[in-house]
Structures are given as structure tokens and as C-alpha cells.
A.B. asks: 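For reference, the structure I am asking about is given below.
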Amino acid sequence: MATIKLASNLSLDENGYANGLLTVIETRKTVNSNSGGKRSLMVDTHEKDCFELIFQCGNTRNETMEIKTAIFGMIVNPEPTKMQRIGSKNVPIYNKFTTVLMRLNILSKEVLDKARKDASIIDLDSVMALFLAIKDLPVKFKPQKNEKGFIEPNLLSLEITGDMPETV
């Protein structure tokens, strides 16, 4: 029997930000790639390591809504991929992983600028440990829709709004 459901929308503040708790995990995802183009029946499926950002946010029905986004590229690149105009400023845009690390205050622009000349400045083991230690970190972000029409966080708008809870 068909049932009608009420959609649950992400709850936003007056500035268009969603608030929630962020947890980072390391996982493996199944990835499909179609090597013969859109109409080809040949689909290659393989497992790929990635980081998954899990956002626990409120929705308009006062329930918890989970939003997940995966980061497949695990390379910290101190070189911006492009410059983008945001408001009245030209802002350097880094790859997705580097952007998230900067927005979560794990890496700073100053450290990345120094790493352009000497890559040994960045201790990747420490970066990985700090990133994977994120559990229930209060954050806010502006939501956007991906190419499939699903809500995802705009990682350029990601901001920390509090401290992680202490674990006992």
C-alpha cells in the first residue's frame, strides 16, 4: 500500500547555516566507474579508502538528520587549485581534503605557505591523528545540493562553533 510521507528539511538559522555535530571516520567505499561512456554496460566496481565526514544536524521535525560526505583524495596540497571570487575578495581554493583541514583549524594558511618551500614542515602523522580524533565537534555550514540533488555541506563555509565534548 502506498503511503504519503512528510519531507524533513534541514533546519537552518537566520543566516542560512545548518548547525550540527561532526564526526570523522576512515572507511572504504564501493566506487563504480563506467569506462565506456554514458551508454556503456561495462561498469567497474572497486573498493577505495576514504574519509567520511558525518554531520548530525537538526531537521524541521525536531529529529536528527544525518548528512555524510566522503573525501577520496587524501593528499594535502599546499598549492591552491584556483582563485575564486567570494564577495569582494579573491580567495585561494585548495583541494577538498586541504580545505577541510584548514576549515577545521588543523592546518593554517601560514603553514601551507611555508610548506610550498619545505614540505617537511607538515607532520602528516599529526594531521591524520588530529583529523581522525574529531568526534561530535560542534560546527556550522551552508548546505548545497550535489549533482544528484542531495544536500551536502559547502565545505568552504564550514566553521567550528564549539569544543569537542570531553571523553571519560
Side-chain angles (χ1 to χ4, degrees), residues 10-13 15-31 33 46-59 63-87 89-148 150-168:
L10 191 60
S11 181
L12 303 176
D13 65 15
N15 296 321
Y17 282 87
N19 291 288
L21 300 176
L22 170 64
T23 299
V24 176
I25 62 169
E26 186 177 12
T27 187
R28 290 181 70 81
K29 292 273 188 193
T30 301
V31 178
S33 60
H46 58 279
E47 295 281 319
K48 195 166 183 183
D49 291 329
C50 68
F51 294 116
E52 192 167 51
L53 307 179
I54 303 168
F55 296 88
Q56 298 289 337
C57 303
N59 67 13
E63 299 169 343
T64 300
M65 183 177 196
E66 188 173 87
I67 300 173
K68 296 180 179 180
T69 187
I71 300 175
F72 289 98
M74 299 182 206
I75 296 174
V76 176
N77 188 351
E79 289 293 327
T81 56
K82 64 181 177 179
M83 296 296 281
Q84 183 175 335
R85 191 161 194 74
I86 298 177
K89 298 179 183 176
N90 273 337
V91 178
I93 304 296
Y94 296 87
N95 68 24
K96 189 174 183 180
F97 185 50
T98 306
T99 297
V100 169
L101 293 174
M102 289 176 68
R103 301 303 299 170
L104 295 174
N105 298 331
I106 295 173
L107 286 177
S108 67
K109 185 173 179 342
E110 293 77 29
V111 169
L112 288 174
D113 288 343
K114 290 178 186 174
R116 287 184 190 167
K117 296 178 180 104
D118 181 11
S120 65
I121 288 176
I122 298 176
D123 178 11
L124 295 177
D125 292 332
S126 297
V127 168
M128 178 95 149
L130 289 169
F131 188 58
L132 290 175
I134 295 174
K135 303 273 187 275
D136 296 330
L137 178 66
V139 295
K140 70 178 184 177
F141 60 89
K142 287 205 173 188
Q144 64 185 17
K145 293 209 175 180
N146 64 16
E147 64 275 355
K148 294 181 180 177
F150 294 108
I151 294 173
E152 68 179 9
N154 178 336
L155 297 176
L156 290 174
S157 68
L158 182 63
E159 293 179 34
I160 297 173
T161 59
D163 295 325
M164 280 192 294
E166 294 293 322
T167 55
V168 180

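Values below: every heavy atom of this structure, side chains too, minus hydrogens, waters and symmetry copies.
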A.B. asks: Taking all non-hydrogen atoms of both residues into account, name the closest pair between P143 and L12 and its distance.
C.D. replies: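 Taking P143 first and L12 second, the nearest heavy atoms are CG-CD2, 3.6 Å.
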A.B. asks: Side chains of P153 and L158: does their closest heavy-atom pair fall under 4.5 Å?
C.D. replies: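 A side-chain contact is absent here, since even the closest heavy-atom pair is not under 4.5 Å.
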A.B. asks: Look at the side chain of T81 and the backbone N and O of I93, then say whether any donor-acceptor pair between them is shorter than 3.5 Å.
C.D. replies: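 Judged by distance alone, yes, a pair lies under 3.5 Å.
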A.B. asks: If you take all heavy atoms of C50 and F72, which pair is closest and at what distance?
C.D. replies: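 Nearest pair, atom of C50 first, then F72: CB-CD2, 3.6 Å.
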A.B. asks: Under a 4.5 Å cut-off applied to non-hydrogen side-chain atoms, are E26 and D49 in contact?
C.D. replies: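 The answer is no, as the side chains (C-beta and beyond) never meet within the 4.5 Å cut-off.
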A.B. asks: Does V24 reach the side chain of L53, with side-chain heavy atoms less than 4.5 Å apart?
C.D. replies: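 Yes - at least one pair of side-chain heavy atoms lies under 4.5 Å apart.
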A.B. asks: Indicate yes or no for a side-chain donor-acceptor contact from K96 to the backbone of A70 under 3.5 Å, with no hydrogens or angles considered.
C.D. replies: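 Present.
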A.B. asks: How long is the gap from CD1 on I134 to CD1 on I54, to the nearest 0.5 Å?
C.D. replies: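 Interatomic distance, I134 CD1 to I54 CD1, rounded to 0.5 Å: 12.0 Å.
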A.B. asks: Quick one: does N95's side chain have a donor or acceptor within less than 3.5 Å of a partner on I75's backbone?
C.D. replies: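 Looks like yes, one N/O pair under 3.5 Å.
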A.B. asks: Taking K135 for its side chain and L132 for its backbone only, find out whether a donor-acceptor pair lies under 3.5 Å.
C.D. replies: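 Answer holds: yes.
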A.B. asks: First locate atom CE of M128, then atom CG of L101, and finally report the distance between them rounded to the nearest 0.5 Å.
C.D. replies: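 So the gap between those two atoms works out to 11.0 Å.
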A.B. asks: Can you classify the ring geometry of F131 versus F97 as parallel (below 30°), tilted (30 to 60°) or perpendicular (above 60°)?
C.D. replies: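 Perpendicular: the ring planes of F131 and F97 meet at over 60°.
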A.B. asks: Over all heavy atoms of both residues, which pair between A115 and I121 is shortest? Give the atoms and the distance, please.
C.D. replies: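 In terms of heavy atoms, the two residues are closest at N-CD1, 4.2 Å.
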A.B. asks: Could you measure the distance from the OG1 atom of T161 to the CZ atom of F141? Nearest 0.5 Å is fine.
C.D. replies: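 If we round to the nearest 0.5 Å, T161:OG1 and F141:CZ are 11.0 Å apart.
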A.B. asks: Atom OG of S108 and atom CE of M102: how far apart are they, to the nearest 0.5 Å?
C.D. replies: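 So the OG of S108 and the CE of M102 are separated by 7.5 Å.
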A.B. asks: Report the distance from atom CD1 of I160 to atom CG of L137, rounding to the nearest 0.5 Å.
C.D. replies: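 Interatomic distance, I160 CD1 to L137 CG, rounded to 0.5 Å: 5.0 Å.
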A.B. asks: So does D136 get a backbone contact from the side chain of T23, meaning a donor-acceptor N/O pair under 3.5 Å?
C.D. replies: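 Yes, T23 side chain to D136 backbone: donor-acceptor pair under 3.5 Å.
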A.B. asks: Within a radius of less than 6.0 Å around CZ of F150, do more than 12 heavy atoms belonging to other residues, nucleotides or ligands occur?
C.D. replies: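 Result for CZ/F150: open.
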A.B. asks: Return yes when atom CG of N15 has more than 12 non-hydrogen atoms of other residues, nucleotides or ligands closer than 6.0 Å, and no otherwise.
C.D. replies: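 Yes.
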A.B. asks: Say you draw a straight line from CG of D13 to CG of N19; how long is it, rounded to the nearest 0.5 Å?
C.D. replies: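 The distance works out to 5.5 Å.
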A.B. asks: Evaluate the side-chain proximity of E159 to R103: yes if any heavy-atom separation is below 4.5 Å, no if none is.
C.D. replies: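 Side-chain contact under 4.5 Å: yes.
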A.B. asks: What are the two closest non-hydrogen atoms of D123 and S126, and how far apart are they?
C.D. replies: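 That would be OD2-OG, 2.5 Å.
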A.B. asks: For the side chain of N146 and the backbone of K148, is there at least one donor-acceptor N/O pair under 3.5 Å apart?
C.D. replies: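 Flag set: sc N146 to bb K148 pair under 3.5 Å.
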A.B. asks: Got a donor-acceptor contact below 3.5 angstrom from the T98 side chain to the N77 backbone?
C.D. replies: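 Between the backbone of N77 and the side chain of T98 there is a qualifying donor-acceptor contact (under 3.5 Å).
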A.B. asks: Kindly give the heavy-atom pair with the smallest separation between P138 and M164, and that separation in Å.
C.D. replies: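 That closest heavy-atom pairing would be CD-N, 4.3 Å.
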A.B. asks: Would you mind reporting whether V100 and I106 have side-chain heavy atoms less than 4.5 Å apart?
C.D. replies: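 Contact flag for I106/V100 side chains = no.
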A.B. asks: Is a salt bridge present between D113 and K109, judged by a nitrogen-to-oxygen distance below 4.0 Å?
C.D. replies: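 Looking at D113 and K109, the cut-off is met.
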A.B. asks: Which heavy atom of L10 sits nearest a heavy atom of G58, and at what distance?
C.D. replies: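 Smallest interatomic distance, heavy atoms only, reads CD1-O, 3.6 Å.
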